[in-house]
Amino acid sequence: MNMKKTSEIIPLDLIEIDDEGYHLMINIKIGRKKARLLLDTGASKTVFDENRLKAILGDRSEFEDSEHLSTGLGTNKMESQTSNIKTIKIGSAKLKNIQVVVLDLSHVNVSYQLIGDKGIDGVFGSDLLSYFDAVIYYKNPRLKIYF
């Protein structure tokens, strides 16, 4: 049986970083609350800032210590946790029971504040990009996802 996939275009925000480059931001929903994530093709996993995720999830936040040390995001190695998010919505696509990495991203958000940006709630990693077989368009910043 050949099943057709649905596709959708998700708008992205292109943020200029110090006249040297750009970062792409994507807006998603966790449950009914909005979250702003940095789109990062080099991030192997989707990551959320511990404090911002607690604010989004409220009393429902449950984090488990991870056996793995995380690298990247301007650090060498740092302890991480994981969380199972019940519902993530990207456009009209809805994902259920998604395991994500939870880190302290305050150092990343300080860097964004220095350039006048409000910061990020997390990082949209290649795990979700590959799940959606996503295509990124830079000229008119958008993400095409298939689901």
Below 4.5 Å, heavy atoms only, C-beta onward: do [X] and [Y] meet side chain to side chain?
X    : Y    : result
D127 : I98  : no
S106 : N51  : no
D49  : V108 : no
N84  : E62  : no
V47  : V100 : no
I10  : I90  : yes
I120 : N109 : yes

Can you check side chain to side chain contact (heavy atoms under 4.5 Å, CB included) on V123 and V101, steps first, answer last?
CA-CA 10 Å; V123 176; V101 176; over 6 Å; no
| query | Going through the distances and angles, do L128 and I145 end up as a side chain to side chain contact (heavy atoms under 4.5 Å, CB included)? | reply | CA-CA 10 Å; L128 291 183; I145 60 172; over 6 Å; no
[atom2] on [Y] to [atom1] on [X], rounded to 0.5 Å:
X    : Y   : atom1 : atom2 : result
L14  : H23 : CG    : NE2   : 10.0 Å
L95  : K89 : CG    : NZ    : 11.5 Å
L143 : L24 : CG    : CG    : 9.0 Å
I17  : Y22 : CD1   : OH    : 10.5 Å
L38  : L12 : CG    : CG    : 11.0 Å
R52  : I30 : CZ    : CD1   : 11.5 Å

Practice item. May I ask you to say whether R36 pairs ionically with D117, meaning some side-chain N is under 4.0 Å from a carboxylate O? Key: yes
Non-hydrogen atoms of [X] and [Y] that approach each other most closely:
X    : Y    : value
F132 : A93  : CE2-CB, 3.8 Å
D40  : G42  : OD1-N, 2.9 Å
F48  : L105 : C-CD1, 4.1 Å
K34  : I56  : O-CD1, 4.2 Å
V102 : E50  : CG1-CA, 3.5 Å

Donor-acceptor check, side chain of [X] to backbone of [Y], threshold 3.5 angstrom: yes or no?
X   : Y   : answer
T87 : K96 : no
S83 : F63 : no
E8  : G91 : no

inquiry  = Before you tell me yes or no, could you show the steps for I15 and M25 under side chain to side chain contact (heavy atoms under 4.5 Å, CB included), namely the whole-Å CA-CA distance, both residues' side-chain angles and the distance that decides it to 0.1 Å?
reply    = CA-CA 7 Å; I15 307 298; M25 302 294 176; 3.7 Å; yes
For Y131, look at atom OH and say whether over 12 heavy atoms of other residues, nucleotides or ligands are found less than 6.0 Å away. no
Test side chain to side chain contact (heavy atoms under 4.5 Å, CB included) applied to L53 and D121, step by step
CA-CA 7 Å; L53 188 57; D121 297 310; over 6 Å; no
Problem - Shared hydrophobic cluster, Y138 / L129 (ILVMFWY, side-chain heavy atoms < 4.5 Å) - result: yes
With the 4.5 Å side-chain cut-off for hydrophobic clustering, are I136 and F147 part of the same group? yes
